[in-house]
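One structure below.
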Amino acid sequence: METIFDRYLNGESIFRNREVLRASHTPERLLHRDHEINQLAAVLSTALRGETPSNMFIYGQTGTGKTAVAKYIGREIDKINRRDSGLKQKVTHIYINCKIVNTTYGVLANIGNSFIKNWGKDLIPFTGWPTEKVYDQLKQRIDQENGVAIIFLDEVDQLFYNSGDDVLYYLSTMNTDLSEAKVSIIGISNDLRFTELLNPKVRSRLGEERITFKPYKASQLFDILADRAENSLRPGSWDSGVINLCAALAAEENGDARKAIDLLRIAAEITNREGDEKIEEDHVRMATVQIEKDVVAEVISDLPLQQKLVLLAITLEDLSSGEKLITGEVYRTYNYLARRLNMNVLTQRSISGMVSELDMLGIITAKLISKGRYGRTKEIEMAVDPDLVKTVLRTDQFLNELIDTIKGKDIDGWKQMSLI
DNA sequence: TGTCCACTGGAAGGGAGGGCTT
DNA sequence: AAGCCCTCCCTTCCAGTGGACA
């Protein structure tokens with residue numbers, strides 16, 4: 001019996017192992033990061049001798065291999081733990097992505113829970129306890145383990161911007177509070193500005209050592225991509241031409257390896273879908289367009305409803321008038337839309353904050369300007385294709401209906417009637 | 001030269017919703 | 001059940017401001 005899937009199941013895939021072409025995959029060997037790995041290993045090796053390694057700060061732009069190196073080091077630590085059971089002290093490593101876990105409580109609880117012996121019973125709840133108690137528990141657990149704990153805090157700037165330097169203070173003072181165990185903090189970030197804002201004590205404690213990851217050069221990206229391609233794609237389905245192109249395009253983007261790998265994977269997916277045997281340069285070009293769209297679509301669909309509504313207001317205004325948009329105008333349109341949907345109408349202060357956030361996300365540009373006698377405001381413009389934005393917004397059922405029924409003259413009428 | 005607009009952006013705090021403890 | 005705690009999302013309050021206009 002034939003099914004609609006047969007064509008895809010029976011068709012030859014050009015992938016041997018698609019996972020290898022995911023940016024999150026940590027390969028067996030990391031190319032062109034020997035120097036950084038050695039630096040890190042030199043510092044952390046003190047842990048293997050049972051001494052406290054320095055705290056460290058790893059800095060580098062997106063896609064320079066910071067996270068990959070951290071995970072790679074973690075794996076090496078596991079290896080040596082297994083091999084040398086006679087190590088003076090056990091070394092544990094904990095990896096936390098502070099973009100996801102970005103509260104003081106969350107980070108402490110996460111670290112505490114990684115030392116858990118009895119799931120379900122000893123679990124620190126994700127909320128409910130006083131933070132002090134979580135910290136005490138954490139200390140006890142680490143002390144019981146009586147080893148060296150290496151804590152990787154990835155995107156640590158996010159933690160700081162969200163919750164201040166409390167956690168970093170707690171963690172950096174922990175060694176003085178511990179009787180048996182030792183802790184070393186490794187902060188990872190692509191943003192150095194926040195270190196200036198840290199409490200000087202915390203800054204000096206955390207920044208005992210600093211490693212900077214330089215962006216990859218095009219030739220290095222080529223090696224990395226070729227290595228991944230060999231392990232993930234069928235022989236003959238790619239050649240050095242497309243790898244070169246992916247590497248060159250990513251090198252333009254500050255040597256971002258993540259971008260390069262995504263580019264190759266999506267180009268391969270497109271090739272597959274089109275039923276072609278070999279990745280061509282055209283597939284790569286199509287992939288660049290696809291990636292751009294995907295990024296925008298993902299950002300927008302993750303927004304809370306209220307913020308989507310603000311974005312819709314901007315899109316509608318941007319399409320209807322040739323003039324520059326300002327905050328007050330957006331607020332009035334938003335106000336109309338929110339009422340149409342029977343939603344809570346938020347204050348202008350909240351909307352102003354959301355506009356700034358949309359700017360930071362890169363969906364719009366909001367420039368602070370002064371109109372002299374007529375006040376200060378933000379001048380707002382779409383930074384991405386408004387039609388794409390609309391299409392993504394339509395995936396939300398409420399907004400889809402709203403977009404279908406909305407008429408420009410309704411909004412204008414509303415604005416004139418109500419003096420908001 | 002001073003005024004004043006239409007906001008901005010920081011700070012503090014409320015309260016809902018999750019959960020723990022006694 | 002009452003009393004805590006934490007986070008998240010907002011609101012309220014308010015000082016601050018660049019520059020057109022009188």
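Chain letters run A, B, ... following the sequence lines, proteins first, then strands; residues in each count from 1.
Summarising the geometry, the separation between CD on A/Q348 and P on C/dC14 is reported as 17 Å, rounded to the nearest angstrom. A/R349 places its CZ atom 15 Å from the P atom of C/dC9, with the value rounded to the nearest Å.
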Pairs under 3.5 angstrom only: tabulate donor-acceptor contacts from the side chains of residues 17-27 of chain A to other protein residues two or more places apart or in another chain.
| from | atom 1 | to | atom 2 | distance (Å) |
| --- | --- | --- | --- | --- |
| A/N17 | OD1 | A/E19 | N | 3.2 |
| A/R18 | NH1 | A/E269 | OE2 | 2.9 |

Acceptor/donor pairs from residues 209-216 of chain A side chains to any protein atom, 3.5 angstrom cut, sequence neighbours excluded:
none

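Applying the ring-ring contact (aromatic ring centres under 6.0 Å, His included) criterion to A/Y59, with sequence neighbours excluded, gives no partner residue. Residues that satisfy the ring-ring contact (aromatic ring centres under 6.0 Å, His included) test with A/F152, not counting sequence neighbours, are absent from this structure.
Applying the salt bridge (charged side-chain N to carboxylate O under 4.0 Å, His left out) test to residues at least two apart or on different chains, the pairs with a partner in residues 125-136 of chain A are A/D136-A/K139. Residue pairs meeting the side-chain hydrogen bond (donor to acceptor under 3.5 Å, both in side chains) criterion with at least one partner in residues 245-262 of chain A, sequence neighbours excluded, are A/E253-A/K259, A/D262-A/R265. Listed by first and then second residue, the side-chain hydrogen bond (donor to acceptor under 3.5 Å, both in side chains) pairs involving residues 70-79 of chain A are A/E76-A/K79, A/D78-A/H93 (not counting sequence neighbours). Within the structure, side-chain hydrogen bond (donor to acceptor under 3.5 Å, both in side chains) contacts touching residues 343-352 of chain A (residues at least two apart or in different chains) are A/T347-A/S350.
Side-chain contact annotation: A/R340 with A/Y336, donor-acceptor N/O pair under 3.5 Å present. A/Q158 and A/N162 share no side-chain donor-acceptor pair at under 3.5 Å.
Within residues 350-357 of chain A, the residues approached by DNA chain C to less than 4.0 Å at the level of any non-hydrogen atom are A/S350, A/M354, in residue-number order. Of the residues in residues 126-137 of chain A, those placing a heavy atom less than 4.0 Å from an atom of DNA chain C are A/T127, A/G128, A/W129, A/P130, A/T131, in numerical order.
With respect to the salt-bridge test (charged N to carboxylate O, under 4.0 angstrom), the residues A/D154 and A/K99 do not qualify.
For DNA chain B, the span of nucleotides reached by chain A at under 4.0 Å from its heavy atoms goes, 5' to 3', from B/dC5 to B/dT21.
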- Task: For salt bridge (charged side-chain N to carboxylate O under 4.0 Å, His left out), just list the numbers for A/D359 and A/K367, CA-CA rounded to whole Å, side-chain angles, deciding distance to a tenth of an Å, and then say yes or no.
- Result: CA-CA 9 Å; A/D359 177 33; A/K367 204 168 82 194; over 6 Å; no
- Message: Assess the residue pair A/D227 and A/R29 against the criterion (salt bridge (charged side-chain N to carboxylate O under 4.0 Å, His left out)); give the C-alpha distance rounded to whole Å, side-chain angles, the decisive distance to 0.1 Å, and a yes or no.
- Response: CA-CA 10 Å; A/D227 183 54; A/R29 54 191 185 124; 3.1 Å; yes
Review item, nucleotides 17-20 of chain C N/O atoms under 3.5 Å of protein N/O:
| from | atom 1 | to | atom 2 | distance (Å) |
| --- | --- | --- | --- | --- |
| C/dT17 | O4' | A/R376 | NH1 | 3.4 |
| C/dG18 | N2 | A/G372 | O | 2.9 |
| C/dG18 | N3 | A/S370 | OG | 3.0 |
| C/dG19 | O4' | A/S370 | OG | 3.1 |
| C/dG19 | N2 | A/G372 | O | 3.0 |
| C/dA20 | O4' | A/R373 | N | 3.0 |

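In this structure, A/I369 reaches neither bases nor backbone, as no heavy-atom distance under 4.0 Å exists between it and the strands shown.
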